[in-house]
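Report on one structure; see the data block that follows.
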Amino acid sequence: MAKKRVGVLISGNGSNLQALIDACKSPDYPAEITAVISNKSDAYGLNRAAEAGIPSHVVPHKEYATREAFDEEMDGLLAHHSVEIVCLAGFMRLLSPWFVKKWQGRLLNIHPSLLPAFKGAHAVRDALAAGAKESGCTVHLVTDELDSGPMIAQARVPVLPGDTEESLHKRIHAEEHRIYPAALKKLIEGE
Ligand code: GAR
């Protein structure tokens, strides 16, 4: 069967992008990454895309008058690369309802908490501050409501005594790199 063409949106380091790139190297993995888009020109993930020979684009959100205009630019690039599924991988911008509707059922996000707990941009810090004994990560389909939408995969990690935001996030990242490729495969194979 033909591999599904995936676009990955990033804002930073892109370690989840790397996990997806690595998974796609396997001949029986059902996806290939055909485009990477970053809203930040200094995102390290752009180097990862270049290293893997994947076309990438920078779409600086500040240059667009509205959220929708920014999303339309990205949507045009995704169409140009014949993208069929979009994965958000540390993409730290809210998407417009128009974009979310257009990609409904084909738009995945990874979030560093056990959703529905600790939504938002500082999930790891918030879990620590709340004294959570356990944290983790969630891959879900994106809907209009922030960090909500049907869950595809989740993994749990303990919060250990003395954890900092960094040490906890590192533990969560290791699980993210495992479940994101698995969740994408699951979506494609319709499990
Ligand atoms: C990941 O932990 C991801 O779950 C989180 O940003 C990090 C990006 O890491 N996303 C969010 O917080 C979205 N609300 P990466 O750039 O190394 O993949």
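Atoms within each ligand, like the ligands themselves, are counted from 1 in listed order.
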For this session: Answer yes when D71 and K102 have at least one side-chain N-carboxylate O distance shorter than 4.0 Å, and no when they do not.
Result: no
For this session: Go through the side-chain N and O atoms of Q18 and D22 and say whether any donor and acceptor fall under 3.5 Å apart.
Result: yes
For this session: For the pair R48 (side chain) and N13 (backbone), establish whether a donor and an acceptor sit closer than 3.5 Å, ignoring hydrogens and angles.
Result: yes
Seminar exercise, completed: Output for ligand 1, non-hydrogen cut-off under 4.0 Å, lists N13, G14, S15, N16, G90, M92, I110, H111, P112, G120, H169, H173, E176
Donor-acceptor pairs under 3.5 angstrom involving side-chain atoms of residues 32-45: please list them, not counting sequence neighbours.
unit_1 : atom_1 : unit_2 : atom_2 : d
T34    : OG1    : H81    : O      : 3.3
S38    : OG     : K40    : N      : 2.9
S38    : OG     : K40    : O      : 2.6
N39    : OD1    : S11    : OG     : 2.7
N39    : ND2    : H61    : ND1    : 3.0

Seminar exercise, completed: For H173, the ring-ring contact (aromatic ring centres under 6.0 Å, His included) test, sequence neighbours excluded, returns H169, H177
Problem set entry | Residues forming a side chain to side chain contact (heavy atoms under 4.5 Å, CB included) with S26, sequence neighbours excluded | D28, Y29
